[in-house]
Amino acid sequence: VLEHLNNVYQRVVQVRAGNGFKRHTPDHFELDPLDTPTLTRLLDELAVPALGELDWVHALPLSVTGPVNEQSLVAAQWAGLDTVSALMQAWGQTSRTTALRLWLMSWQACPVAGEVLRPELAALAGITEVVPQEYPVRCHWLDWPTPRMDTQQLMALLAASASLPRRMAIRDGYLWQPRLLASPLPASAALANRLPMDGTFLILGGTGGIGRTLAEHLLQAPQRRIVVLSRGGEMPAALAAYGGRVEHVRADIADLTRWPAVLDQLTCRYGRMAGVVHAAGVGAGSLIRQRDARQLGEAMASKTRGML
């Protein structure tokens, strides 16, 4: 890839993840991609006033391989969220005349055709939308079929970046992009509600606003029961009014050591669940420039580790 890029770009700089700040050659650096001051030092050297445009190809998410587990979730957050946030924090510390185009790479994270093999890398969908809202930066998310980038396809996309959408995926030699299509409402209530009209539904995070609203909707069918699971808090009054059809269980789905025991208890008591709604989560919204990796990781635990 580097060889082909050198044939097109005036200068190609390779940056490897490491510790501190090391310059192996004029165009080969090793640094900590989470350290904002170090990234600022690098950008100050690259984004000189005479440079009109800078393409940053962020390929760290391609290093996330192996089974989907707690370790891969940590690696994905580091590669796709934390390091991108640190880069943007460094970029925003100084007023720059250079135009930045950010290319975020992943593999098998988009549901183009068939199973999504790397769901933890789909977190790039969020930061791809947020970065251009906070910084004057063009951002593209490109999802590959394997962890290896195709050089020719990459070169073609880099050359045509002005006309490309924000989200893309490559499969079988074709470039795919998501589209919003209008869909007519179901003709009847029977088609609109395809969930079972009876049975027990488990709602993770059921005491929050979204979970509570969905629970009330499900309870409109008199034969349904609801199990509300949350880390704490009291049963909302709106749900308590349904009496014995609603049960509140206190547990933390992000605690993977204790969660299997909780799941066994639920299985013994209720058997097969008619459905599961994952509405657990902690609000930790803030601007990228104020983002703290540790705090966000803790806030996202119920969404990420909880999915396991």
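Since this is a predicted model, take the numbers as computed values, not measurements.
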Quiz item: Between Ala221 and Arg245, which heavy-atom pair has the shortest distance, and what is it?
Solution: O-NH2, 2.7 Å
Quiz item: With Trp91, which of Val131, Thr40, Leu54, Leu39 fulfils side chain to side chain contact (heavy atoms under 4.5 Å, CB included)?
Solution: Leu54
Exercise. Look up atom CD1 in Ile226 and atom CD in Glu216, then write down how far apart they are to the nearest 0.5 Å.
Key: 10.5 Å
Self-check item: Within 6.0 Å of CD in Glu115, more than 12 heavy atoms from elsewhere
Solution: no
Quiz item: Does some side-chain heavy atom of Ile170 sit less than 4.5 Å from a side-chain heavy atom of Leu157?
Solution: yes
Practice problem: Side-chain contact test, heavy atoms from C-beta onward, threshold under 4.5 Å: evaluate it for Leu43 versus Thr94 and give yes or no. | Solution: no
Quiz prompt | Nearest heavy-atom neighbours spanning Ala109 and Trp141 | solution = CB-CZ2, 4.1 Å
Quiz prompt | Side-chain donor-acceptor contact under 3.5 Å, Asp255 with Thr257 | solution = yes
Practice problem: To the nearest 0.5 angstrom, please state how far the CG atom of Leu46 sits from the CZ atom of Arg11. | Solution: 5.5 Å
Self-check item: Heavy-atom side-chain contact between Leu154 and Met105 under 4.5 Å
Solution: yes
Quiz item: Atom CZ of Arg272 and atom OG1 of Thr200: how far apart are they, to the nearest 0.5 Å?
Solution: 11.0 Å
Quiz prompt | Criterion salt bridge (charged side-chain N to carboxylate O under 4.0 Å, His left out) on Arg171 and Asp143, from CA distance to verdict | solution = CA-CA 9 Å; Arg171 298 291 189 275; Asp143 190 59; 2.6 Å; yes
Exercise. Return yes when atom CG of Asp172 has more than 12 non-hydrogen atoms of other residues, nucleotides or ligands closer than 6.0 Å, and no otherwise.
Key: no
Exercise. Would you sort out whether Leu42 and Phe21 count as a side-chain contact (heavy atoms from CB on, under 4.5 Å), showing the intermediate values?
Key: CA-CA 9 Å; Leu42 174 67; Phe21 184 94; 4.2 Å; yes
Quiz item: From Leu142 CG over to Gln177 CD, what is the distance, rounded to the nearest 0.5 angstrom?
Solution: 12.0 Å
Quiz item: If only atom types and distance count, is the side chain of Asp198 paired as donor or acceptor with the main-chain N or O of Arg224 below 3.5 Å?
Solution: no
Quiz item: Is Arg166 close to Pro132 at the side-chain level, that is, under 4.5 Å between some pair of heavy atoms?
Solution: yes
Exercise. Kindly compute the distance separating CD (Gln220) from OH (Tyr242), expressed to the nearest 0.5 Å.
Key: 4.5 Å
Quiz prompt | Shared hydrophobic cluster, Val8 / Leu164 (ILVMFWY, side-chain heavy atoms < 4.5 Å) | solution = yes
Quiz item: In the single-linkage hydrophobic clustering (I, L, V, M, F, W, Y; side-chain heavy atoms under 4.5 Å), do Val13 and Leu62 co-cluster?
Solution: no
Quiz item: Quick check: does any side chain N or O of Glu134 sit under 3.5 Å from a backbone N or O of Val130, one acting as donor and the other as acceptor?
Solution: no
Quiz item: With side chains defined as the heavy atoms from C-beta onward, is the minimum distance between Val228 and Thr207 less than 4.5 Å?
Solution: yes
Practice problem: Using a 4.5 Å cut-off on heavy atoms from C-beta on, say whether the side chain of Asp252 contacts that of Arg258. | Solution: no
Quiz prompt | Same cluster (ILVMFWY, side-chain, under 4.5 Å), Val246 and Leu195 | solution = yes
Exercise. Specify the closest pair of heavy atoms between Leu121 and Pro61, including all atoms of both residues, with the distance to one decimal.
Key: CD1-O, 3.6 Å
Quiz item: Is His140 reaching over with its side chain to a backbone N or O of Pro165, donor-acceptor style, under 3.5 angstrom?
Solution: yes
Quiz item: So which heavy atom on Leu104 is nearest to which on Cys139, and how close?
Solution: CD1-SG, 3.9 Å
Practice problem: Kindly say whether Arg148 contributes a backbone atom to a donor-acceptor pair with the side chain of Thr146 at under 3.5 angstrom? | Solution: yes
Quiz item: Hey, does Ile210 have a side-chain heavy atom less than 4.5 Å from the side chain of Thr213?
Solution: no
Quiz item: Between Gln108 (side chain) and Pro145 (backbone), is there a donor-acceptor pair under 3.5 Å?
Solution: yes
Exercise. Specify the closest pair of heavy atoms between Asp150 and Trp144, including all atoms of both residues, with the distance to one decimal.
Key: N-CZ3, 3.3 Å
Quiz item: Which pair of non-hydrogen atoms, one from Ala280 and one from Ile253, has the smallest distance, and what is that distance?
Solution: CB-CD1, 3.9 Å
Quiz item: So if you build clusters from Ile, Leu, Val, Met, Phe, Trp, Tyr with side-chain heavy-atom gaps below 4.5 Å, do Val15 and Val137 land together?
Solution: yes
Quiz prompt | Residue Asn7 excluded, over 12 heavy atoms near CG under 6.0 Å | solution = yes
Quiz prompt | Same apolar cluster (I L V M F W Y, side chains within < 4.5 Å links), Leu51/Leu102 | solution = yes
Quiz item: Is there a donor-acceptor pair under 3.5 Å between the side chain of Asp32 and the backbone N or O of Gly20?
Solution: no
Quiz item: If you round to the nearest 0.5 Å, how far is CD1 of Ile203 from NE2 of His248?
Solution: 11.5 Å
Quiz item: Are side-chain heavy atoms of Asp55 and Trp103 found at a separation under 4.5 Å?
Solution: yes
Exercise. Could you give me the CA-CA distance, side-chain angles and deciding distance for Leu100 and Trp56, then say whether side-chain contact (heavy atoms from CB on, under 4.5 Å) is met?
Key: CA-CA 7 Å; Leu100 176 64; Trp56 184 287; 4.0 Å; yes
Self-check item: Donor-acceptor contact below 3.5 Å, side chain Thr83 vs main chain Trp78
Solution: yes
Quiz item: Taking Trp259 for the side chain and Ala251 for the main chain, is one N or O donor matched with an acceptor at less than 3.5 Å?
Solution: no
Practice problem: Measure from the side-chain N and O atoms of Arg16 to the backbone N and O of His28, and report whether any donor-acceptor pair falls under 3.5 Å. | Solution: no
Self-check item: Flag, side chain of Asn69 to backbone of Gln71, donor-acceptor distance under 3.5 Å
Solution: yes
